[in-house]
Amino acid sequence: MAFLITHFYEGGTAEQYEAVVDAVHPPGGLPAGQVYHAAGPTDGGWLVVAVWDSKGSFDRFLSETLIPALQKVKAGFAGPPQERSMEVANLLTA
């Protein structure tokens, strides 16, 4: 079942986002298992939305890629995000 996750970084900027994405996404593509990615500025910070093919794919990305990379990225976000997630009950695409 598809899995959606959002991360809101209070005070986050485009530069911080780009530093993190450059460290965790393959050039010109998405990590294995990620099927949708959107990000941008919103009131008070930066919002990232991702849809994964499963929660397991996200959990692997989190433990094997994202957390280790965040420990090395110097220009990334200042702290942990506000996170929300859900199992996707209905996913429509164009």
Side-chain angles (χ1 to χ4, degrees):
M1 176 176 282
F3 180 75
L4 180 139
I5 188 148
T6 67
H7 285 152
F8 173 71
Y9 294 92
E10 188 172 351
T13 67
E15 293 79 14
Q16 291 170 318
Y17 166 76
E18 290 167 10
V20 172
V21 167
D22 287 348
V24 300
H25 279 203
L30 297 173
Q34 192 176 105
V35 297
Y36 176 85
H37 181 96
T42 189
D43 292 340
W46 196 265
L47 180 64
V48 179
V49 178
V51 176
W52 294 82
D53 60 8
S54 68
K55 185 173 185 318
S57 290
F58 170 72
D59 289 343
R60 276 188 297 285
F61 171 75
L62 181 67
S63 65
E64 296 173 7
T65 304
L66 185 58
I67 290 175
L70 289 177
Q71 295 170 354
K72 298 175 187 174
V73 174
K74 304 235 186 286
F77 296 110
Q82 296 172 24
E83 180 178 287
R84 296 208 177 196
S85 64
M86 67 177 211
E87 296 285 339
V88 176
N90 185 25
L91 180 63
L92 301 174
T93 60

How far apart are the closest heavy atoms of [X] and [Y], and which atoms are they?
X: Ala39; Y: Trp46; answer: CB-NE1, 3.6 Å
X: Leu4; Y: Val51; answer: CD1-CG2, 3.9 Å
X: Ser54; Y: Phe3; answer: C-CB, 3.7 Å

### Task
Evaluate the ring planes of His25 and Phe61, with Trp represented by its six-membered ring, and classify them as parallel (under 30°), tilted (30 to 60°) or perpendicular (over 60°).
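Answer is perpendicular, since the angle exceeds 60°.
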Give the cluster check for [X] versus [Y]: same hydrophobic cluster or not, with ILVMFWY residues linked at side-chain heavy-atom distances below 4.5 Å.
X: Val49; Y: Leu91; result: yes
X: Val48; Y: Leu62; result: yes
X: Leu66; Y: Leu30; result: no
X: Phe58; Y: Leu47; result: no

### Message
Checking side chain to side chain contact (heavy atoms under 4.5 Å, CB included) between Val24 and each of Thr65, Ile67, Val73, Leu70, which is the one that passes?
### Response
Thr65
Please tabulate, for side-chain N and O atoms in residues 74-90, each donor-acceptor pair with protein atoms closer than 3.5 Å (sequence neighbours left out).
| unit_1 | atom_1 | unit_2 | atom_2 | d |
| --- | --- | --- | --- | --- |
| Glu83 | OE1 | His7 | NE2 | 2.7 |

#### Entry: Side-chain donor/acceptor of Gln34 to backbone N/O of Pro31, under 3.5 Å
no
